[in-house]
Amino acid sequence: MLEAQLVLVLVGSALLCLGAFAAIVSAIGFHRFKNFYLRLHAATVGTIWGSVYPLIGAALIAITISELGAYRWFVPGAIIVAAIIVLMLAPAGSHALARGVHRARVARVKPCLADKLDPELCG
Amino acid sequence: MEAVNTYLLSVTLASLLVNFAISLYAMFFKPHYVKKVIALTILGDTVNTFAIYIGYRRWVEQRPPRVPVLTDLRPEAIEEFKNLAVDPLPQALVLTAIVIGLAVILFLVFLGWILYSHYRTLDMREIKRLKG
Amino acid sequence: MVMDLILALILLYVVAILLLSIVALRGQTIGDQVLAIDVITYMSLVLLSLITIYLKQPLLIVLLIPLALWVYALDIYIAKYLERGDLGA
Amino acid sequence: MRLVEVIVLISTVLAVALLITVGFEHLVPSERVRPVAEFYLNATYNQYELRNYTAMSPEAVTAIVWDFRGLDTLFETSVFYLALIAGLALTRGLLLERAEKSGHGLSIIVRTVTRITAPMIVAVGASIGLHGHLTPGGGFQGGSVIAVLPMVVIVVFSASFLVIKGVTTTKLLVVRSLGLTGIGLTAIAVFLVGITLHMPAYVFQNMAKPDAQISMPYSVAGALISGTLWFFNIFEMFAVAAGFSIAFIALMLARTLESSRGE
Amino acid sequence: MRRVSRGFIVFILAFTVYVVYTGSISGYDIVTGVIVSAVIGALFSNIVVEKPIKVVDPRRWLHLLVYALLYFTYYEAKAHIDVIRRILHPKLPVNPAIVEAPYRIESDFAITAVANSITNTPGTVVVDIDPSKKNFYIHWISAKTLDPLEARREIFETFEKHAKRIFE
Amino acid sequence: MGDKPMLPGETGVYLVMAIISLLSVVAVYMAVKTRDLVKAVIYSALQSGLYSILYFLLLAPDIGLVYIPVAVGLIPGVLLVLISKTERWEKE
């Protein structure tokens with residue numbers, strides 16, 4: 001029992017540390033990339049490794065903590081549902097945003113090799 | 001450490017006060033109707049947050065305060081709950097205030113639209129000048 | 001031991017949120033700002049779950065799911081506004 | 001946004017905070033709450049000492065909203081509906097568009113994701129509403145969670161989608177009226193029973209009081225329902241969700257009546 | 001009959017969310033959950049599911065599990081390390097383009113699954129989709145090729161293969 | 001377990017609270033200052049998100065549950081409807 005708990009805690013901590021690293025990197029990427037379409041990729045890093053993986057890690061750690069009392073299983077359940085929701089909604093949201101920005105011609109695709117959708121926006 | 005804690009808590013209070021001042025300024029001096037509505041929502045939220053902040057409770061002897069919901073129904077747990085939980089009364093009052101706030105915002109949105117269809121502008125200075 | 005790690009991670013996430021909020025406050029276009037608000041919210045989900053574990057208050061976790069669901073609404077409002085110029089119809 | 005402005009802003013806040021720390025320390029929360037809060041916390045679920053004052057609900061906030069201060073909430077609810085009705089009355093100057101088949105929605109990916117999420121939103125809202133007396137939540141919360149759904153569906157699909165699928169303002173009006181009637185009936189239920197039995201009872205009475213021993217059942221078949229709180233929560237949930245949905249559909253479908261300018 | 005079976009799938013989905021969100025399985029939760037999910041199933045039966053028979057096939061669920069494991073360990077790690085290297089590299093090596101790539105799947109759910117998989121791997125984002133020409137328009141951070149079929153093979157052919165097995 | 005933690009938990013939580021509320025001040029300032037009303041709505045949504053984190057830290061999950069749908073989900077939508085049906089820019 002104790003060893004299983006130790007494994008859960010270690011795996012959860014590893015996922016959380018990975019998540020913190022990815023979150024910082026994603027924030028740096030937001031500052032280094034100067035274009036909306038490039039920032040989309042930094043946002044994906046912040047969403048998947050920066051949010052979904054550490055949420056699962058937090059759920060694993062929450063299983064081992066007995067002080068949470070009668071609602072002990074409530075915490076990992078809600079965290080995992082939230083992770084699945086993020087996994088479903090975040091890509092749809094950033095796709096909708098990218099499409100809206102592209103159709104409204106708010107931002108130009110820059111730097112750009114080619115734009116098959118709307119060649120005028122390139123460069 | 002105690003003084004640092006008090007200072008950090010009063011930073012929260014001070015920023016609520018500053019938010020209140022900024023949104024009050026915007027409500028009076030910004031000419032556009034939508035800007036006034038946005039300032040009104042911010043003002044309402046700030047007042048609500050201030051009410052909840054007053055009901056907060058410091059950590060009691062290194063133990064965090066608790067949500068005002070019982071998780072354990074035994075008598076001794078109720079005694080501990082009484083000594084640790086935050087004040088539920090402001091939360092109950094704010095609850096209805098938020099929903100009423102949404103209804104008022106909806107009313108103001110309808111009103112703004114009627115105003116626009118009548119005057120073709122939402123700038124309060126021009127509306128004052130046009131006068132029907 | 002675990003709790004110390006969790007407190008350190010909370011502070012790291014706060015630093016990431018601070019860095020991102022600079023973009024959210026002064027991004028070049030509306031798209032940048034909404035994207036940054038998205039990522040801030042998804043990171044604050046982790047922040048909130050860590051604080052729940054740290055304070056040992058299981059009931060606080062109910063806020064995660066609404067927060068995750070309704071930032072999506074903001075995304076699609078802005079997307080539809082940019083795409084069509086209005087929201088209805 | 002210039003850096004100077006942000007620095008000025010933040011240093012203002014820090015200076016005000018210093019002022020508060022030095023001069024007005026009693027404004028900062030202390031380790032104790034006020035005595036009235038202690039009474040509410042002690043009485044919210046206490047069948048051991050305060051049998052005549054408890055609300056039999058572990059959730060202190062819902063207990064205050066619908067039991068200790070129930071009359072307040074009833075009038076606040078009426079204010080809320082008055083504001084909503086006043087908003088809807090203004091649509092008399094606007095023209096409701098005819099529902100047409102043609103929709104201008106977002107892309108197929110967003111549509112599919114929204115189709116999967118819609119039942120999840122309603123399930124979460126219903127769970128919040130139905131567990132209002134046990135965990136954080138209640139009628140207002142559940143109702144406003146469900147009310148986001150028509151807004152999102154209108155934005156993602158089109159305004160006519162809801163009408164084509166059979167969600168009309170008339171049906172929503174019926175639901176809202178049923179909810180309001182339920183709230184009113186629940187408020188006087190114990191009073192009516194008291195009149196028929198010739199026993200003393202109050203309007204808005206939930207549990208037994210010292211001079212009125214008649215009370216609502218606090219549990220049904222072993223499940224805690226906290227008397228009137230459960231009924232109030234569920235009716236309020238329907239009323240809030242339907243009321244806001246009507247307003248959004250009216251807002252989205254309305255179009256400015258060009259002749260109203262009188263040109 | 002068809003509507004009932006569709007509604008049953010929605011019922012299962014809503015009931016799962018309800019119970020997990022509630023976090024306990026006492027009698028009260030089960031009873032209210034069944035009532036609420038039945039109402040939701042009746043209301044939403046027409047807009048969630050298309051072909052209910054596909055959902056009850058266990059082989060599809062097995063494929064989904066295998067695909068999810070593979071996706072979350074291998075593909076995500078590869079793409080993330082690539083993009084993180086680009087962000088932290090002093091010269092910021094990017095070579096972006098919006099390429100078009102044709103897809104060969106029919107159902108809405110399969111298209112959504114493939115598009116979400118593409119967007120969830122850093123380095124590729126679906127910007128637009130053209131259902132009449134059956135094309136994805138993908139913003140690619142390191143465009144190795146501009147040829148549609150090459151791009152398709154490079155970016156999402158494996159996702160599409162798995163999605164076809166799971167959803168069609 | 002170390003004897004003395006680097007940062008007491010109390011101070012850590014209050015620090016997070018202070019940083020979040022400082023951010024909200026900047027968001028409110030920008031919402032008031034900008035002339036683009038769509039941007040003002042976005043800033044007010046950011047402020048709402050920060051306030052909901054503040055409600056979480058002040059231990060009020062009830063308020064958070066009703067505030068998040070209202071202030072993040074509904075009010076920006078309603079205001080964007082009004083803006084799209086009227087005008088986007090605030091004049092000088």
Side-chain angles (χ1 to χ4, degrees), chain D residues 58 103 105-137 141-142 145-146 149-150 152-153 156-157 161-162 164-167 171-172 175 218-226 230 233-234 237-238 241 245, chain E residues 6-7 9-24 26-50 103 105 107-119 125-132 134 136-137 167:
Chain D
L106 290 170
S107 71
I108 189 168
I109 299 165
V110 183
R111 284 176 187 233
T112 314
V113 169
T114 310
R115 268 163 52 190
I116 301 171
T117 348
M120 291 167 74
I121 290 179
V122 180
V124 168
S127 170
I128 290 173
L130 284 169
H131 291 82
H133 56 290
L134 297 173
T135 56
Q141 288 96 325
V145 165
I146 296 176
L149 184 65
V152 169
V153 167
V156 170
F157 292 88
F161 182 82
L162 277 180
I164 291 168
K165 289 290 178 187
V167 183
K171 284 181 193 169
L172 288 173
V175 173
Y218 65 85
S219 74
V220 170
L224 191 68
I225 65 163
S226 306
W230 191 81
N233 274 334
I234 190 165
M237 184 172 82
F238 282 124
S245 304
Chain E
R6 278 172 173 177
I9 305 298
V10 187
F11 173 84
I12 300 281
L13 174 67
F15 188 71
T16 317
V17 173
Y18 188 94
V19 168
V20 174
Y21 187 77
T22 309
S24 70
S26 64
Y28 175 76
D29 300 323
I30 300 290
V31 171
T32 53
V34 165
I35 294 171
V36 166
S37 314
V39 172
I40 294 174
L43 285 177
F44 289 93
S45 57
N46 277 337
I47 65 168
V48 177
V49 195
E50 286 160 345
Y103 60 87
I105 34 187
S107 76
D108 288 358
F109 284 93
I111 292 171
T112 310
V114 170
N116 277 1
S117 304
I118 295 170
T119 311
V125 170
V126 179
V127 174
D128 207 340
I129 175 173
D130 189 345
S132 59
K134 299 184 79 170
F136 282 136
Y137 293 92
F167 290 104

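Chain letters run A, B, ... following the sequence lines, proteins first, then strands; residues in each count from 1. Given the structure is predicted, the values throughout are model-derived calculations rather than measurements.
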Let me confirm one number: the CD1-CD1 distance from E:Ile111 to D:Ile108, rounded to the nearest 0.5 Å. 4.5 Å
Which atom pair, heavy atoms only, marks the closest approach of E:Ala14 to D:Ala123? O-CB, 3.8 Å
Residues E:Asp108 and D:Arg111 bridged, charged N to O under 4.0 Å: no
Sole candidate of E:Leu43, E:Val36, E:Ile40 that passes side-chain contact (heavy atoms from CB on, under 4.5 Å) when paired with D:Val122: E:Ile40
Please list, chain by chain and in numerical order, all residues satisfying side-chain contact (heavy atoms from CB on, under 4.5 Å) with D:Lys171, sequence neighbours excluded. D:Thr168
Where is the tightest heavy-atom contact between E:Phe44 and D:Ala118, given as atom of each residue plus distance? CE2-CB, 3.7 Å
Hey, can you tell me if D:Trp230 and E:Tyr28 have their rings parallel, tilted or perpendicular (30° and 60° cut-offs)? perpendicular
Set of side-chain contact (heavy atoms from CB on, under 4.5 Å) partners for E:Ala115, sequence neighbours left out: D:Ile109, E:Val126, E:Phe136
Shortest non-hydrogen contact between E:Tyr18 and D:Ala126, atoms and distance: CE1-C, 4.2 Å
From NE2 (D:His131) to OH (E:Tyr21), nearest 0.5 Å: 10.5 Å
Do E:Thr112 and D:Ile116 have side-chain heavy atoms sitting under 4.5 Å apart? no
Tell me, side chain or backbone of E:Asn116 under 4.5 Å from chain D's heavy atoms, or both, or neither? side chain
Point-to-point distance, once rounded to the nearest 0.5 Å, from CG of E:Asp29 to CG of D:Leu134: 8.0 Å
Between atom CE of D:Met120 and atom OG1 of E:Thr16, what is the distance when rounded to the nearest 0.5 Å? 9.5 Å
